[in-house]
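Single-structure report; data block below.
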Amino acid sequence: METMRQSDKALSTLQSELSRLGGLSAPEIPHSIRSSAERALSPLPRGLKEAFLQVLDDKTRSQPERARDWLMAAASVLLMEYSGDPLSLEEWKELRDMVSDASGEVDLALLEYAMGLVLDHGAL
C-alpha cells in the first residue's frame with residue numbers, strides 16, 4: 001500500500017476541517033479557516049505562507065462564499081498537488097504574484113510547478 005504524501009495528507013486534513021466548519025457561526029469561521037490553512041501550509045517558506053494567509057484573510061472578509069473554494073484550489077497549487085478546481089484569471093494572478101514575490105525563498109520545484117500552472121491558465 002502506497003503511503004500518503006505529506007501534501008496529500010495536508011490537503012485531505014484541510015478539506016476535512018473545512019467540511020467540519022460548516023456548522024460554526026459566522027464570526028468563528030474566518031479564524032478557524034485561517035488556523036486550518038496555517039497548519040496545512042506549514043511546509044511553505046514563511047514569506048509565501050504569510051502572503052497566502054493575507055489573501056485568505058482578505059477573501060474571507062470580501063468574498064466569504066468564495067474563500068473556502070479558493071483556499072482548497074490555491075493550497076493545492078502551493079502544495080504541488082493541483083486539484084483542478086477552478087480559479088479565476090484574477091486568482092491565478094494573485095498566486096503568480098505571491099509566488100513571484102517569494103521566489104527567493106521558494107524551492108525551485110515549487111516555483112516551476114506554480115508558474116507553469118499560472119502560464120497554462122493565461123496569467124503570466
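FYI, side chains are in, hydrogens and waters are out, and symmetry mates aren't considered; it's all heavy atoms of this structure. We're numbering straight along the sequence, starting at 1.
Here the closest non-hydrogen pair linking A73 and D85 is CB-CB, 3.7 Å. Summarising the geometry of A37 relative to L53, their closest heavy-atom pair is CB-CD2, 3.9 Å, with the distance given to 0.1 Å. Taking every heavy atom of both residues into account, S83 and S76 meet most closely at N-OG, 3.1 Å. When all heavy atoms of A67 and L56 are compared, the pair lying nearest together is O-CD1, 4.2 Å.
For residues 32-57, the ring-ring contact (aromatic ring centres under 6.0 Å, His included) pairs, not counting sequence neighbours, are F52-W70. Sorted by first then second residue, the salt bridge (charged side-chain N to carboxylate O under 4.0 Å, His left out) pairs that include residues 87-96, not counting sequence neighbours, are K59-E91, K59-E94, R66-E91.
Every residue two or more places apart in sequence or in another chain was checked for a salt bridge (charged side-chain N to carboxylate O under 4.0 Å, His left out) with E112, and none qualifies. Applying the side chain to side chain contact (heavy atoms under 4.5 Å, CB included) criterion to Y113, with sequence neighbours excluded, gives M80, Y82, L117. When the side chain to side chain contact (heavy atoms under 4.5 Å, CB included) test is applied to A51, the partners found at least two apart in sequence or on another chain are M98. Taking L119 as the reference, L124 meet the side chain to side chain contact (heavy atoms under 4.5 Å, CB included) condition, with sequence neighbours excluded. Shown here are the salt bridge (charged side-chain N to carboxylate O under 4.0 Å, His left out) partners of K49, two or more places apart in sequence or in another chain: there are none. Every residue two or more places apart in sequence or in another chain that forms a side chain to side chain contact (heavy atoms under 4.5 Å, CB included) with R61 is listed here: Q54, D57, D58.
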Kindly indicate, with the supporting measurements, whether the criterion side-chain contact (heavy atoms from CB on, under 4.5 Å) is fulfilled by L95 and L87.
CA-CA 10 Å; L95 274 171; L87 291 169; 3.6 Å; yes

In a table with atom names and distances, give each donor-acceptor pair under 3.5 Å that connects a side chain of residues 101-109 to protein atoms at least two apart or in another chain.
from, atom 1, to, atom 2, distance (Å)
S103, OG, S100, O, 3.0
E105, OE2, G47, N, 3.0
E105, OE2, L48, N, 3.3
D107, OD2, A109, N, 2.9

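Rounding to the nearest 0.5 angstrom, the gap separating the CG atom in L110 from the CG atom in L79 is 8.5 Å. Summarising the geometry, atom CE belonging to M72 is positioned 11.5 Å from atom CZ belonging to R68; distances are rounded to the nearest 0.5 Å.
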